[in-house]
Every structure is written in C-alpha cells, then in structure tokens.
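For reference, the structure is listed below as structure tokens.
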2 protein chains.
Amino acid sequence: MLGRMTVTGPQSTPRRRAPRADAVLNRESIIEAASQVLAEQGTAVDVREIARRSGVGMGTLYRHFPKKEDLVRTVLHNDFSKWAESARRAASDAEDPWAALADFYQQALTGYARHCAIMENFALTWSEPDLEGIRQLRLVIEELRAHASALLRPGVTTDDLLLLLVSLGHAVQFTDACRPQMWQRLLRISLDGLRTDHREPLPAATSPDAGIQPSDSHTLAARSRPSQSG
Amino acid sequence: MLGRMTVTGPQSTPRRRAPRADAVLNRESIIEAASQVLAEQGTAVDVREIARRSGVGMGTLYRHFPKKEDLVRTVLHNDFSKWAESARRAASDAEDPWAALADFYQQALTGYARHCAIMENFALTWSEPDLEGIRQLRLVIEELRAHASALLRPGVTTDDLLLLLVSLGHAVQFTDACRPQMWQRLLRISLDGLRTDHREPLPAATSPDAGIQPSDSHTLAARSRPSQSG
DNA sequence: GCCGATGCGGAGCGGATGCTCCGGTTCGCC
DNA sequence: GGCGAACCGGAGCATCCGCTCCGCATCGGC
C-alpha cells in the first residue's frame, strides 16, 4: 500500500507549483503586522487593521489565511516560541539552577506582559498542549525544573510551574502598568513557596501529565464572540 | 448658598414621585437575570438575552439602566459583595487565623470560579477600588491579614493578598473544569510562600496603599469592544 | 371609575466586523 | 515578448449588538 504512493516533490500534493515571490513576501508581512497588532490590541482586533498595517488588501489576507483564527494561530505559534526562547536564554545566564528558574520567570513575565494576545490565550496551554509554541514553553520549564529539582520541594510538577506562569501572567497584566513592583512581590512569594526548605512534600498530582480535556469551546480569536460562518 | 436649598423629602429631587410597583419588580428581575447571565457568559453577553431571561422588553431594561455598563456595574457591585460575604463566613468557622486565611481563599476560589463576569473584571480591584463590592472584599482580606499577621512573613500587604486572589482566580478559570486539583496545588504553594517560617521579610511596598492609577480605559462591558455612542 | 403620568415592548437604526466576490494586475514559464 | 494561472484589492454582504423611538398599556392619586 505505502509502496504504491508516488514520491512527490517536497510535500504532499505535487502538482501545486511553488508560490509566487510576491505572495511569499505578502504572507510574511501579514504575519509580522499581525504579530504587532495582536500584541497591542489582542485577538479582538479588526482584521482590516491587520490588512492595513501590512499593506495588503482583504482578499490577499484571506487568501493566505482563510479564517481569522488561522492567522491568529500562526502568529501565536510563532510568538509563544519566541517567548519560550527568550526566557530560556535569560535562564541560561544564571549562576545556579534556582537563579535560572527565577530569571526565567522574571524574563518571561517582563518580556511578554504587554503581549495582549498571548496573555489572552494562556488557555491554549491546557486546551492545545500540542501547539508547537506551547510545547516549547513546556520543554523549557521541564528542563529548568529538572535542574533545580534538588531545591524544589518534592512533588512540584512541570504543570505546577506552568500554571504559576499563567497565573502570574494575569497579575502582571493588571499591575504592570501602574505598580510593577506588585507582581514582583507575588513572584517572590510564589517562588519561596516552591523551595524545599523544611516543608512537607506536595501530594502527588493525580494525573501528572496525562492528556488534558480541552475546555468547552475555546477558540483563538475574539474571546466570547461566536465565530460566524459565511 | 446652601441655606437656600430647599430641604426636600428623602433624597435630592423632590418632585419625582415614588416609582411604580411594577417598575420596582421589573428592576429586581432584571438584576437577578443579569447576574445569572453575566455569571454564565461574561460581560460580552447580548443585552437581548438579559431582557429575554428577565421577561421584560428592551425598552424597560434601558429605562432602568441607560447603558449596558450601568447594569453590569450594578450586578458586579452586588456579586462582589456576596462573594466577599460568603468567603468571610467560611473564614469565620476556622479554628485559627491561618486556617481562616486558607479557608477564605478556598471558598472564594471555589464559589466564584464559574462566575465569568467576576473573573473578567478583577481589574476593577485596581482601577476602581471604591466600588462598594470591591471595598468589602478588601476589608475582609485586611481583617484576615491582621489576625494572621503573626504567621505571615513580614512585609506582606493586603494588596499582596488581593493580587494573589486575582492571580489564582485565573488559574481556577483555566483548570477548574478539567483538573481542579491543579489550582489547589498552586494555592497551597502560594500560601506556604506567605508563611513566616525563617525567611527574610519582603521589601516594603513602595506605595503601600496609595491611590492607584486606573489603567488606560478599562470599561466594565464588552472587553476590548469599543463602546459606541448612538 | 377617571385620567394623566409613568412604564412597557420590540421593531428598527447605525456602526462594527468576519468574510466573499470579482474585475483588474502581475508574475514567471515558454 | 506572450500568455495563462496565480494573485491582488477593496467594495460589499450578512450578521451581531448597543441603543433608541414611539405607540400602547398600566398604575394609582383623586
């Protein structure tokens, strides 16, 4: 069966010829503009704004991304990845595993506190753990946890650390603009709660990293706005 | 000047006679229905749905609450108060001040994790600290903090505890439906971080309870949807 | 019971927004 | 350079949603 499949060029359908050069450029500029706009205004932004900012027409935008959600997903994939990477770099400069963990949170929260779309879509962490950007984030945290495990109180899981990041992310949203020191205090409190010291271990998580039920119907675009099919 | 103002009945304008009985009933049923609907669907809900659920027409609804935000504000005022009260009651049954604090968080997070509108509008905690419901919540926390102060690490403020509540509130939103034990773990970690034990005190908050700048333009209704004036 | 002030209902307005349609343009293989 | 497929742009469609308007019903002081 498999042997009968014709081996066809780089991927899947062979008859489709390479995209035109201008189309490639347009796609890139759409993604770049969308990243900016989504960071500034969140996923509820008008698609026209993205088209305008990237200098293409609506037709072009919708040719590349048939649904708004397709575009948002692509951008979030990229930006979650960039986020994970920049936070990982900050952690790699630290002098000990615990400082690495602390620096990771510090960088993760400062660097992306203003990225509305990411802050809005933390739910993806649980509803779509397989999105590439999310997976990278998890991997970074898992690595940091392993290195710092001697200092972490027993029973702390990667999911605990991830949920802490999500949770603090919202604290940052509320306080960063007016009183940034507030979320820093909360970060410090939480990190202290994670240290081993002489506390008893946490109870084992009942399903440590099992598959997670996606919540009801969380879509990427337009929180609480029903998607409408034409 | 003041002396010339006529003293007029119970309040302000005297010529307005008491509202009709049916109007009072309608107002109550609107608030009740709105509370349900807002809890279920958040502030982005269609006003028509509230009118339908409460059995009144649009005209009636807008007579009582000229703007959607007026209604939402009234409901949130009530519901924040109810929330504070129910959490305070849970705390009052505890056997020691620390357990009271823990029970408070437990009840606050369990009882209102499903109240979409409250979870959405934690920002009010910072942007409108004078809203009555918010003030009650702060008062309860302040009281618990005072009672547990011997066990709290030095430097922990009421705002710290409030921000922790806000922050955990979002963790609850993400995990309560599928893995409720996850946020419970995070609560435990955070509470442990608040205990005095042998850690150094937190640095003093730079402006402990000073006036807070309201963030850019947060309105109660329809997150990220620009209000439109007719 | 009369009657006017008060209250009611819901069709409809205007604007925002996701998405489509199609005539005109441009690229790139030959 | 020629030509057809791929691509582009933006006007326009359908829908949603906050809010208004106005003819009609109801309450309640007399």
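Letters A, B, ... are given to chains in the order of the sequence lines, protein chains preceding strands, and every chain is numbered from 1.
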Rounded distance (Å) that lies between atom P of dC19(C) and atom CD of Glu49(A): 17 Å
- prompt: Taking all atoms of both residues into account, what is the closest heavy-atom pair of Phe65(A) and Ile30(A), and its distance?
  reply: CE1-CG2, 3.8 Å
statement: Whichever of Val47(A) and Arg27(B) has the more 5' nearest nucleotide on DNA chain C, that residue is Arg27(B)
Asp46(B) CG - dG18(D) C1' separation (whole Å): 8 Å
- prompt: Separation of Ile30(B) atom CD1 from dC8(C) atom P, in whole Å?
  reply: 8 Å
field: Length of the line joining Tyr62(A):OH and dT17(C):P, which is rounded to integer Å
entry: 12 Å
message: My understanding is that only residues two or more places apart in sequence, or in another chain, count here; which of them pass salt bridge (charged side-chain N to carboxylate O under 4.0 Å, His left out) with Arg27(B)?
response: none
- prompt: Taking the side chain of Lys68(A) as heavy atoms from C-beta outward, which of dG28(D), dC27(C), dG18(C) is closest to it?
  reply: dG18(C)
statement: Sequence neighbours excluded, the answer for salt bridge (charged side-chain N to carboxylate O under 4.0 Å, His left out) partners of Arg63(B) is none
task: With sequence neighbours left out, write down each residue that passes ring-ring contact (aromatic ring centres under 6.0 Å, His included) with Phe80(B), or none if nothing qualifies.
output: Trp83(B)
field: Residue list, salt bridge (charged side-chain N to carboxylate O under 4.0 Å, His left out) with Asp46(A), at least two apart or on another chain
entry: Arg48(A)
query: dG18(D) C1' sits how many Å from Phe65(B) CZ, rounded?
result: 16 Å
query: Among dC19(C), dC8(C), dT20(D), which nucleotide sits nearest the side chain of Asp22(B)?
result: dC8(C)
- line: Residues pairing under salt bridge (Lys or Arg N to Asp or Glu O under 4.0 Å) where one sits in residues 28-44 of chain A, two or more places apart or in two chains, turn out to be Glu40(A)-Arg53(A)
message: Checking side-chain polar atoms at under 3.5 Å, does Gln106(A) have a donor or acceptor matched by the opposite partner on Gln184(A)?
response: yes
- prompt: Looking across every strand, which nucleic acid part, if any, lies under 4.0 Å from Ala51(B) by heavy atom: base, sugar-phosphate, or nothing?
  reply: nothing
Each nucleotide N or O in nucleotides 9-13 of chain C that has a protein N or O under 3.5 Å away: list the pair and distance.
residue, atom, partner, partner atom, Å
dG9(C), OP2, Gly57(B), N, 3.0
dG9(C), OP2, Thr60(B), OG1, 2.9
dG10(C), N7, Met58(B), N, 3.2
dG10(C), N7, Gly59(B), N, 3.3
dG10(C), O6, Gly59(B), N, 2.9
dG12(C), O6, Arg48(B), NH2, 3.1

- request: Please work out if Val45(B) contacts a base, only the sugar-phosphate, or nothing of the nucleic acid, heavy-atom cut-off 4.0 Å.
  value: sugar-phosphate
Glu69(A) CD to dT17(C) P, straight-line distance once rounded to whole Å: 18 Å
field: Atom-pair distance (CZ on Arg20(B); C1' on dC27(D)), nearest Å
entry: 4 Å
query: Are His64(B) and dC8(C) close enough that a side-chain N or O sits under 4.0 Å from OP1 or OP2?
result: yes
